[in-house]
Amino acid sequence: MSGFFPRRSTLLATAIVAAGLGAIGFASISLGAVIVGETRRIDLGQKAAPGMDAMKTQYKRPATIPFPKENPYTPEKAALGKQLYFDTRLSVSMAQSCASCHSPGFGWGDGLAVGVGHGMAKLGRHSPTIVNAAWGEIFMWDGRLATLEEQALGPIQAPGEMNMPLEQLMSRLTSIAEYKPLFAAAFPGEGMSAKTLAKAIATYERTVVSERAPFDAWIEGNEKAISEEAKRGFAVFNGKGLCSACHEGWNFTNDGFQDIGLPSKDIGRGEFVPGVIKMQHAFKTPGLREIERRSPYMHDGSLATLEAVVEHYDHGGVDRPSRSDLMKPLGLTAQEKSDLVTFMKTLTSNLSPTAVPVLPR
Amino acid sequence: MHKTILFALVILSGLSAGALAANQVIHQQGRVFSSESVTIKKGGALTFVNDDSIPHNVMSATKGSEFNLGSQAPGMSTDVTFKETGDVQVICAIHPRMKMMVKVTD
């Protein structure tokens, strides 16, 4: 019994040791006001893989376009935004418009490996599509801009792109007589400013939505809308291929950032989140709508075909600390690879032609 | 001394179990934090559980309360203790739609 109740000195020693062990246990990563404890494994239980019908429910098209309450849709704003989007006078050279790099003819990209900016100089990254930008959570390959309104002003001002200081731009647009009433109609009481210009362009961009594709008809119940190969590809996409871990939902992206092991030196998101290993070489996951029309692929335009893209994922890319834990050799068969490509081509819609607007003079 | 360490471990495990029982658990299933905003007392902890099917990277860039759990695999759980009062914005570095506010009060 005497051994069970410790003496006072034992208690004191116990407290000291406990405090010491506690410090070791909890001080694994301590930065300022927050202490991170050790990570432990827990039992999540077994989850059954979802069946085809359950998977399909994740891909239903939305019924309406979301517009932010700070910049609600009006037809006047969208019409003005379209004129600005196609107006080459937004660049200092008067030779480039938003549509130069984000053209409806190329699935709202430019069909080039990397964009071409001011003075025909090549840019560092592939021009992303603007299709379905209304659903975007964060913008640019590296996520450096938070809203589509901010995004609209980015390339206009960037010295390597349209190279147009906003003050100079507004002065130029003010001298084009027909713009003034259009701004007045779209922004009563606000008039012409960089802010209203950005709101108009963003509103127009939000109206650029991928139209119904064979895949949508299949999701809605028409079993004949896509081939058996494509259906098998959809199963690989959601299963063995792990594609839907990032390319999820009707627009096939969760807007997340992943290093997918491309050998490019560009650190992407890492520039803005320097202390986070997984953000080095990470780029925003693009949606896959109209993907067949958007070659070449990846943030650096380094892969020419969808077949090459599937090969890259099957291989797993460059193994480095930043590489996503989801990237690993997949062991896909030739049939599975071919089925995946067939599936991705069912995301191509019959895009109706986009009429280029008559521009104000 | 062995007895002392044993006692220390018993006390510690008791404290940890107590802390664990009191912690609010933040789930991440379906690429979303289970709470948009939580309020905890200064010195209290949250348990971040990755019960999703893919890795997450919980972190905060709030000045003075920066932390980074790194890549947290599915099936892993990490406690985070908040020592100072104030609002701490917690995000997943990978998934920008995942964000929550931790309000640390006196």
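Just so we're on the same page: letters track the sequence lines, and every chain starts at 1. Values below: all heavy atoms of this structure, side chains included; hydrogens, waters and symmetry mates excluded.
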For B/K83 and A/V34: C-alpha separation, side-chain torsions, deciding distance, then whether side-chain contact (heavy atoms from CB on, under 4.5 Å) applies. CA-CA 6 Å; B/K83 292 194 297 181; A/V34 175; over 6 Å; no

Smallest separation among heavy atoms of [X] and [Y], with atom names:
X: A/D325; Y: B/S71; value: OD2-OG, 2.5 Å
X: A/L44; Y: B/N50; value: CD1-O, 3.7 Å
X: B/A93; Y: A/F257; value: O-CD1, 4.0 Å
X: A/G256; Y: B/P96; value: CA-CD, 3.8 Å
X: B/N68; Y: A/G275; value: ND2-O, 3.7 Å
X: A/G37; Y: B/T78; value: O-CG2, 3.4 Å

Please examine the side chains of A/R40 and B/T47, heavy atoms only from C-beta on, and report whether any two atoms are closer than 4.5 Å.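 Yes, close enough: below the 4.5 Å cut-off.
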
Between A/T39 and B/S77, is any pair of side-chain heavy atoms under 4.5 Å apart?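 A/T39 vs B/S77: side chains apart.
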
Tell me if the NZ atom of A/K328 is crowded by more than 12 foreign heavy atoms within 6.0 Å.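 Not buried by this count: 12 neighbours or fewer within 6.0 Å.
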
Would one find more than 12 heavy atoms of other residues, nucleotides or ligands at under 6.0 Å from atom CD1 of A/I277?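 No, because the 6.0 Å sphere around CD1 of A/I277 holds 12 heavy atoms or fewer from other groups.
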
With a 4.5 Å cut-off on heavy-atom pairs, point out which of B/M59, B/E84, B/M76 contacts chain A the most.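 Heavy-atom pair counts peak at B/M76.
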
Which atoms of B/K63 are under 4.5 Å from chain A, going by heavy atoms: the side chain, the backbone, both sets, or neither?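 It is neither, since no heavy atom gets under 4.5 Å.
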
Run B/R97 and A/I138 through side-chain contact (heavy atoms from CB on, under 4.5 Å) and show every step you take. CA-CA 9 Å; B/R97 290 179 189 150; A/I138 191 164; over 6 Å; no

Assess the residue pair A/Q258 and B/H95 against the criterion (side-chain contact (heavy atoms from CB on, under 4.5 Å)); give the C-alpha distance rounded to whole Å, side-chain angles, the decisive distance to 0.1 Å, and a yes or no. CA-CA 9 Å; A/Q258 310 277 355; B/H95 302 108; 4.2 Å; yes

